[in-house]
A.B. asks: 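Here's a structure for you.
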Number of protein chains: 2
Amino acid sequence: MSTPSRSAPTIVDVAREAGVSKSLVSLAIRGDAGVSDATRTRILDVADRLGYHSNALARGLVKGRTQVVGLLVSDLSNPYFADVVEGIEEDATATGLGTVIGHGRGSAEVLARRLDEMLDLGVDGVIVISAMLDAETLDRAAARRPLVMVGRPFDAPRRVSVVRNHDEHGAQAAVGHLLGLGHTRIVHVASSRRAAATARRSSYKETMRAAGLEPQVVEAADGGVSQALDLVARDGGPTACFAGNDRIGTALIHDALERRIDVPGAISVVGYDNSEVGRLVRPALTTVEQPREAMGREAMRLLLSRIDGDREVAEVTLEPRLVVRASTGTAR
Amino acid sequence: MSTPSRSAPTIVDVAREAGVSKSLVSLAIRGDAGVSDATRTRILDVADRLGYHSNALARGLVKGRTQVVGLLVSDLSNPYFADVVEGIEEDATATGLGTVIGHGRGSAEVLARRLDEMLDLGVDGVIVISAMLDAETLDRAAARRPLVMVGRPFDAPRRVSVVRNHDEHGAQAAVGHLLGLGHTRIVHVASSRRAAATARRSSYKETMRAAGLEPQVVEAADGGVSQALDLVARDGGPTACFAGNDRIGTALIHDALERRIDVPGAISVVGYDNSEVGRLVRPALTTVEQPREAMGREAMRLLLSRIDGDREVAEVTLEPRLVVRASTGTAR
DNA sequence: GGACGCTACTGGAACGTTCCAGGCCTTTTC
DNA sequence: GAAAAGGCCTGGAACGTTCCAGTAGCGTCC
């Protein structure tokens, strides 16, 4: 009967058992046309009976391709990543590519280690959904395999394709919405010094100035949420607030209600990202939505063209969309 | 100088450039003691200069080990998974193992495909954090590599180690808490027919009967949330509700408030899982917490012992913990 | 001064695939 | 009826490592 070996059966075991060469087993399993129907079914039967599974390591070694792409995220619990990954995997599956996800656990160092592991393991390409990695790390990785980044890099790395949302337009839409409701005193609680935050901040300022209004920015990192609410309580203080992201936006709503400041009666709040918390909080948060699944699909598209030999580095910007909910109302 | 080849340099390129045999390069890179200091630094310098990276496919092929374990989750956006993964990765990193995550996107079929891909890619073991896979799929996979499951399987598969929380004790704690607050009419909104839900349901019934009270169960799938609230509105209806999970618990709170039923004044609510939504909702949800990170660490421990040759299948049960918040109060 | 042992190194065989150049047959073609 | 073509199959080389059995050189020991 079959080999008594305890380790996994190989193509050679199947060949011996079926009475053919290992080459023919390889051809039969890959569905090559030049194998007669009779032999093919016999080989497949034997393979099935022995519990044969093709060894992807060996295949990857000789082919130089593993048909697997790596996805890198810095924080699993953030639903933003889940949506982008969804878009990517939809496309990947359709193209017959597998995906593995590496998790940075909020640390650039861990993320970089995962990136190296994946490249060593021979993934065909990598999509980084995180703004944590510095340009040098990205460039070094991109020298080994095609790499696409979703989000906004600190400094633009060469050799890396980028998919991002148009933060300037998003901020403009948020501020425009508040202006349309009659607000004139609008404060911005900025999220961080990263590229996306910087873009939102300067677009906010520009939009305000274009409307003939004075911008006013506080930093979330410096306790900006309570600073902003202090301002609101004051006479002639802001009647609306553009938060740099939904986390800040929901914090603003919670703290306002705790201080008995009505939302949106006394202050309107707009966030950015359309995360789940924003939908659940009461009043539900008006926010700007990044087209996350579309960004994922776009990233996969760029990666595929790079894998197929296209050497060109691309930068794609997708349009965000305002989602109006209950946290914004007409100016008091 | 170096080879003009465009493809990645191999150990042979390094050997030629350094004037030694490929075997010695291999030894030097792996830090073997039998290499003189002078040669070692020379070899490492050359490797660095050429941009050499060890090919994990080739290494895995000959060693039969890749030093990577696979993690399988069915839904990335569920923070439950993130916490378990956190516990697993903490341990894995400490042991020098890499991790890759496979994503089932809510479908058992996709999850099974990812499982196969990972096994083909030669992971040293797999941890499945999902109750979606049937016993047969699990068993087939476990025949190829060590497999540990976190959660409660439908039917107990042979050959698979299991880490789970003690749902019976958790339900007992929840009901006990309500009894302690003076409630006697407690309805249970059950979540599903899966193993964990079944255990919670029967433990609820048992605890009620042990206290000399009549259990009353409605199914969330049959609109149990509004059924339960209908009962509450009635005279002599329940004054407390044990929800099968936090999703149901938060839905209960939302809908109650919408119907102007006070929580916890008119009805106390307890959930299960301690998810983030439960913390954010107002009033914040009293719930039962599974020791997620500990479950992850335990799973990794079991997997490691299996990888190291231990053939024994284990089942570990960890104790849940009651988290009291604002959604429960004394009976009216 | 031969046996021994140590240190530092080497060459070739494995690992499980795919790829390539061919080798039979049988059938078709002129 | 010989040559060409096509269908089906085979053996060996490659992929980039690790592992194993040596080997050369050199000092040590009695």
Side-chain angles (χ1 to χ4, degrees), chain A residues 3 5-44 46-47 50-68 117 119-124 144-145, chain B residues 3 5-44 46-47 50-68 119-124 144:
Chain A
T3 47
S5 138
R6 273 313 304 135
S7 62
T10 76
I11 214 174
V12 180
D13 298 320
V14 177
R16 190 183 323 115
E17 188 77 0
V20 294
S21 73
K22 61 175 177 25
S23 305
L24 195 59
V25 175
S26 175
L27 292 172
I29 281 170
R30 285 178 293 154
D32 188 285
V35 183
S36 74
D37 282 351
T39 350
R40 151 169 300 119
T41 52
R42 183 159 46 94
I43 291 174
L44 293 183
V46 172
L50 296 187
Y52 168 78
H53 286 276
S54 157
N55 182 324
L57 292 183
R59 185 172 349 110
L61 184 56
V62 39
K63 298 200 74 152
R65 286 272 311 253
T66 50
Q67 305 284 13
V68 174
E117 276 169 23
L119 292 170
D120 286 352
L121 255 182
V123 294
D124 293 339
R144 298 178 63 188
R145 295 281 166 174
Chain B
T3 49
S5 137
R6 273 315 302 137
S7 62
T10 76
I11 214 174
V12 180
D13 299 319
V14 177
R16 188 181 327 114
E17 187 78 1
V20 295
S21 72
K22 63 177 175 26
S23 305
L24 195 59
V25 174
S26 175
L27 292 171
I29 282 169
R30 284 178 293 156
D32 188 283
V35 182
S36 74
D37 283 351
T39 343
R40 150 169 301 118
T41 50
R42 183 158 46 94
I43 291 175
L44 294 184
V46 172
L50 296 188
Y52 169 78
H53 287 276
S54 156
N55 181 325
L57 291 183
R59 184 170 353 109
L61 183 57
V62 39
K63 298 200 75 152
R65 287 269 314 250
T66 50
Q67 306 284 13
V68 174
L119 291 170
D120 286 352
L121 255 183
V123 294
D124 293 340
R144 297 178 64 187

A.B. asks: Can you tell me if the side-chain N/O atoms of A/S54 get under 4.0 Å from OP1 or OP2 in C/dT17?
C.D. replies: no
A.B. asks: What is the distance from CG of A/L27 to P of D/dG11, rounded to the nearest Å?
C.D. replies: 13 Å
A.B. asks: Whole angstrom is fine here: how far is it from CG in B/L61 over to P in C/dC15?
C.D. replies: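 After rounding, the gap between these two atoms is 9 Å.
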A.B. asks: What is the bend of the helix from C/dG1-D/dC30 to C/dC30-D/dG1 when you compare the axis at one end with the axis at the other, using five pairs each and rounding to 10°?
C.D. replies: 50°
A.B. asks: Once rounded to the nearest 0.5 Å, what's the spacing between atom OG of A/S36 and atom CZ of A/R42?
C.D. replies: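 Between A/S36 OG and A/R42 CZ, I get 8.0 Å after rounding to 0.5 Å.
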A.B. asks: Do you know the tightest heavy-atom contact between B/G64 and B/D124?
C.D. replies: O-OD1, 4.4 Å
A.B. asks: Which whole-number value in Å describes the distance from A/D32 CG to C/dT17 P?
C.D. replies: 17 Å
A.B. asks: Measure the distance from CG on B/L24 to C1' on C/dT7 and round it to the nearest whole Å.
C.D. replies: 12 Å
A.B. asks: Output yes when a side-chain donor or acceptor of B/T66 lies under 3.5 Å from a complementary backbone atom of B/G122, and no otherwise.
C.D. replies: yes
A.B. asks: Any side-chain N or O of B/K63 under 4.0 Å from OP1/OP2 of D/dC19?
C.D. replies: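 True: B/K63 side-chain N/O within range (under 4.0 Å) of D/dC19 OP1/OP2.
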A.B. asks: Do you know which two heavy atoms are closest between B/G51 and B/P9, and how far apart they sit?
C.D. replies: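 That closest heavy-atom pairing would be O-CG, 3.7 Å.
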A.B. asks: Report yes if at least one side-chain N or O of A/R59 is closer than 4.0 Å to OP1 or OP2 of C/dG16; otherwise report no.
C.D. replies: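 Checking C/dG16 against A/R59, no side-chain N or O comes under 4.0 Å of OP1 or OP2.
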A.B. asks: Could you work out which one of C/dC19, D/dC15, D/dG16 sits closest to the side chain of A/V62?
C.D. replies: D/dC15
A.B. asks: Would you say a side-chain N or O of A/S36 is under 4.0 Å from OP1 or OP2 of D/dC9?
C.D. replies: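 Yes, A/S36 has a side-chain N/O under 4.0 Å of OP1/OP2 on D/dC9.
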A.B. asks: Measure the spacing between CG of B/L119 and CG of A/N55 and express it to the nearest 0.5 Å.
C.D. replies: 11.5 Å
A.B. asks: Taking 4.0 Å as the cut-off, does a side-chain nitrogen or oxygen of B/R30 come that near to OP1 or OP2 on D/dC19?
C.D. replies: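 Yes.
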A.B. asks: Has B/S26 got a side-chain N or O lying under 4.0 Å from the OP1 or OP2 atom of D/dT18?
C.D. replies: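 Checking B/S26 against D/dT18: at least one side-chain N or O falls below 4.0 Å of OP1 or OP2.
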A.B. asks: What is the distance from CZ of B/R144 to C1' of C/dG16, rounded to the nearest Å?
C.D. replies: 14 Å
A.B. asks: Looking only at heavy atoms, what is the nearest atom pair of B/I29 and B/Y52, with distance?
C.D. replies: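 Looks like CD1-CE2, 3.4 Å.
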A.B. asks: Between C/dG12 and B/S23, is there an OP1 or OP2 to side-chain N/O distance shorter than 4.0 Å?
C.D. replies: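 So the side-chain polar atoms of B/S23 never come under 4.0 Å of the phosphate oxygens OP1 or OP2 of C/dG12.
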A.B. asks: Any idea which heavy atoms bring B/L121 and A/L57 closest together, and the distance?
C.D. replies: O-CD2, 3.3 Å
A.B. asks: From C-beta outward on B/I11, which listed nucleotide comes closest to its side chain: D/dT18, C/dT10, C/dT17?
C.D. replies: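 Nucleotide nearest to B/I11's side chain: D/dT18.
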A.B. asks: Across the strands shown, which category fits A/T10 at heavy-atom distances under 4.0 angstrom: base, sugar-phosphate, nothing?
C.D. replies: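 It contacts sugar-phosphate atoms only.
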A.B. asks: On DNA chain C, compare the nucleotides closest to B/A58 and B/G34; which residue's is nearer the 5' end?
C.D. replies: B/G34
A.B. asks: Whole-Å distance between C/dC15 C1' and B/D120 CG?
C.D. replies: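 One finds 17 Å between C1' of C/dC15 and CG of B/D120, rounded.
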A.B. asks: According to a strict under-4.0 Å criterion, is A/T39 in side-chain N/O contact with OP1 or OP2 of D/dC9?
C.D. replies: yes
A.B. asks: To the nearest angstrom, how far is B/L57 atom CG from D/dT18 atom P?
C.D. replies: 13 Å
A.B. asks: I need the A/S23 OG to A/D32 CG distance, nearest 0.5 Å.
C.D. replies: 11.5 Å
A.B. asks: Starting at NZ of B/K22 and ending at P of D/dT18, how long is that distance when rounded to a whole Å?
C.D. replies: 10 Å
